[in-house]
Protein chains: 2
Amino acid sequence: MRLVVATCTVQYTGRLTAHLPLAKRVLMLKGDGSILVHSDGGSYKPLNWMSPPASLEECEPTEEQTDAGASRVWKVTHKKTGDALTVQLHEVESDQSFELGIDPGLVKDGVESHLQEMLADQIETLGDGFRLWRREYMTAIGPVDILAQDSDGATVAVEIKRRGGVDGVEQLTRYLELLNRDPKLAPVSGVFAAQEIKPQARTLAEDRGIRCLVLDYDEMRGVESNVPRLF
Amino acid sequence: MRLVVATCTVQYTGRLTAHLPLAKRVLMLKGDGSILVHSDGGSYKPLNWMSPPASLEECEPTEEQTDAGASRVWKVTHKKTGDALTVQLHEVESDQSFELGIDPGLVKDGVESHLQEMLADQIETLGDGFRLWRREYMTAIGPVDILAQDSDGATVAVEIKRRGGVDGVEQLTRYLELLNRDPKLAPVSGVFAAQEIKPQARTLAEDRGIRCLVLDYDEMRGVESNVPRLF
DNA sequence: TCCTCCATCTCGGCT
DNA sequence: AGCCGAGGTGGAGGA
């Protein structure tokens with residue numbers, strides 16, 4: 001890991017062409033040849049970058065580049081796509097290298113699969129007398145998140161999303177259409193379950209006779225584990 | 001802009017909970033209170049981060065944290081959502097600050113809007129005698145990229161994508177369905193134009209009577225501007 | 001390997 | 001401010 005702070009211009013050519021005018025920026029060069037160009041703002045996305053696997057070549061500046069004020073020129077190229085990033089360094093304020101080693105990586109919790117697990121475990125959230133039938137029930141057009149039976153034994157298909165948009169309703173609609181062709185399952189009703197359901201999605205769902213269910217992640221987690229959280 | 005290299009652990013709670021075990025990493029603290037945690041690998045996405053607007057509070061480590069080896073503790077909190085990132089710093093190898101100033105920002109070229117502009121200007125790319133009718137023609141379900149007339153005066157709807165997938169074909173199909181309900185426009189035929197059209201998308205489009213057109217970006221740009229490129 | 005879907009998406013445009 | 005679509009999307013999981 002090499003960190004350089006310098007005034008520079010950057011030129012990218014690949015899927016698109018883009019350039020950065022002269023300004024002072026932070027250049028992060030990683031061990032896999034990738035490079036990030038960051039300014040003091042924005043979010044985690046760099047102003048410009050090159051993804052790994054890439055290789056950096058330190059070039060002699062051409063006369064033209066020297067006249068423009070460049071003291072060093074880096075050419076970073078992607079090994080497969082041929083995308084190229086050219087950095088013209090003018091004044092270098094800092095240039096340091098560090099040994100970081102391999103990172104153990106991020107440990108996550110709380111994504112859609114976890115919501116699905118918890119809803120499967122707490123299937124009565126859907127209503128009294130509900131029983132879990134299947135998870136990830138495979139159909140020709142994809143897996144239905146949850147199939148359950150209500151207190152009358154009727155089949156219920158559940159689509160789970162973190163944020164429920166119209167696309168999720170469309171997805172569930174396609175599943176319901178297919179499942180209702182199966183005489184062993186029909187009639188199948190639908191439940192659209194999400195941490196947050198957008199108004200348009202709710203309208204569309206209810207218009208199609210699909211029930212909407214807002215999931216409270218924290219509450220479900222509370223029910224789920226009496227074991228205290230590890231951190 | 002403050003750059004810190006240190007062994008640390010990181011804990012995030014917000015939309016999800018996640019943590020990073022102890023390892024040496026680069027911490028980038030920006031002027032807007034945001035922070036990025038990078039390792040020597042991966043792509044431009046940090047292992048963990050906090051988006052602006054955020055504020056950093058340097059805390060005294062609790063006895064427990066001191067026992068675990070933490071010398072300093074940062075609490076970075078998002079001002080609106082309440083998301084929190086806690087960094088426990090153990091050994092600090094480097095800690096430097098730099099004044100970067102406001103960045104002039106990235107100048108882009110070659111995106112979909114540019115393709116659309118160029119195709120509108122070079123509408124005969126679609127065929128001899130074609131004339132431009134409308135750009136961004138608004139309908140109830142969204143804007144149609146281009147409406148043109150062919151040499152016979154029939155209406156042609158064009159959907160432009162950089163990379164043409166099935167979703168783009170679906171989109172165009174919806175537009176065509178709607179436009180063909182308008183007796184003033186019908187019959188409307190479709191053209192799916194993209195720099196690259198995926199086989200599945202091509203099959204679907206042609207199956208629906210939609211013509212596929214691969215756009216050569218460099219060639220179009222060559223036609224577009226006799227002015228030589230600036231870089 | 002390719003393809004598909006998710007994301008603490010980010011980012012821009014528009015209403 | 002919210003909504004929607006594109007991205008040099010990146011990243012993960014399944015066929």
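Nothing here was measured: the structure is a model prediction, and the numbers come from that model. In the text below, chain A, chain B and the rest are named by the order of the sequence lines, each starting its count at 1. The figures here come from the full heavy-atom set of this structure, side chains too, leaving out hydrogens, waters and symmetry mates.
Rounded to a whole Å, the CD atom of Q171(A) is 6 Å from the P atom of dC6(C). Distance NZ (K30(B)) to C1' (dT10(C)): 12 Å, rounded to an integer number of Å. If you measure from atom OH of Y137(B) to atom C1' of dC14(C), you get 19 Å, rounded to the nearest angstrom. Between L204(A) atom CG and dC3(D) atom P there is a gap of 15 Å when expressed in whole angstrom units. One can place CD of E170(B) at 18 Å from C1' of dA6(D), the figure rounded to the nearest angstrom. Regarding L106(B), its CG atom lies at a distance of 12 Å from the C1' atom of dC11(C), rounded to whole Å. What separates CG of D32(A) from C1' of dG10(D) is a distance of 14 Å, to the nearest Å. A straight line from NZ of K108(A) to P of dG10(D) spans 15 Å, rounded to a whole angstrom.
Residues E206(B) and R211(B) fail the side-chain proximity criterion, which asks for heavy atoms closer than 4.5 Å. Within the 4.5 Å cutoff, the side chain of Q11(B) has no heavy atoms near those of the K75(B) side chain. The closest side-chain heavy-atom distance from D40(A) to F98(B) is not below 4.5 Å. For the pair E57(B) and S55(B), the minimum side-chain heavy-atom distance is 4.5 Å or more. Between I35(B) and K30(B), the closest side-chain pair of non-hydrogen atoms is not below 4.5 Å. Put simply, the side chain of C8(B) reaches to within 4.5 Å of the side chain of R25(B), judged on heavy atoms. Using a 4.5 Å cut-off on side-chain heavy atoms (C-beta onward), Y12(A) and H19(A) make no contact. Put simply, the side chain of L215(B) reaches to within 4.5 Å of the side chain of L119(B), judged on heavy atoms.
Distance from the side chain of K161(B) is smallest to dA6(D) among dA6(D), dG10(D), dC6(C). When each of dA6(D), dT10(C), dG10(D) is scored by its nearest atom to the side-chain atoms of S51(A), the top-ranked nucleotide is dG10(D).
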TODO: List the steps, then state whether salt bridge (Lys or Arg N to Asp or Glu O under 4.0 Å) holds for E170(B) with R208(B).
DONE: CA-CA 10 Å; E170(B) 295 287 7; R208(B) 292 178 178 175; 3.1 Å; yes
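Across all non-hydrogen atoms, the minimal contact from D103(B) to A23(A) is OD2-CB, 4.0 Å.
Remark: the backbone N or O of I160(B) is paired with a side-chain donor or acceptor of D145(B) at under 3.5 angstrom.
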Task: Dot-bracket pairing map - DNA chain D, Watson-Crick plus G-U, both contacts under 3.5 Å, | cross-strand - done: |||||||.|||||||
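Checked against I210(A) for a side chain to side chain contact (heavy atoms under 4.5 Å, CB included), the options V169(A), V191(A), L204(A) give a single hit: V169(A).
M50(A) comes within 4.0 angstrom of a nucleotide base, judged by non-hydrogen atoms across all strands.
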Produce the list of close N/O pairs, under 3.5 Å, pairing protein atoms with atoms of nucleotides 11-13 of chain D; give distances to one decimal.
residue : atom : partner : partner atom : Å
dG11(D) : OP1  : S43(B)  : OG           : 2.9
dG11(D) : OP2  : S43(B)  : OG           : 3.3

Distances for protein N or O near nucleotides 2-4 of chain C N or O, under 3.5 Å:
residue : atom : partner : partner atom : Å
dT4(C)  : OP1  : Q200(B) : OE1          : 3.0

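Map G14(B) and K80(A) each onto its nearest nucleotide of DNA chain C; the residue landing nearer the 5' end is K80(A).
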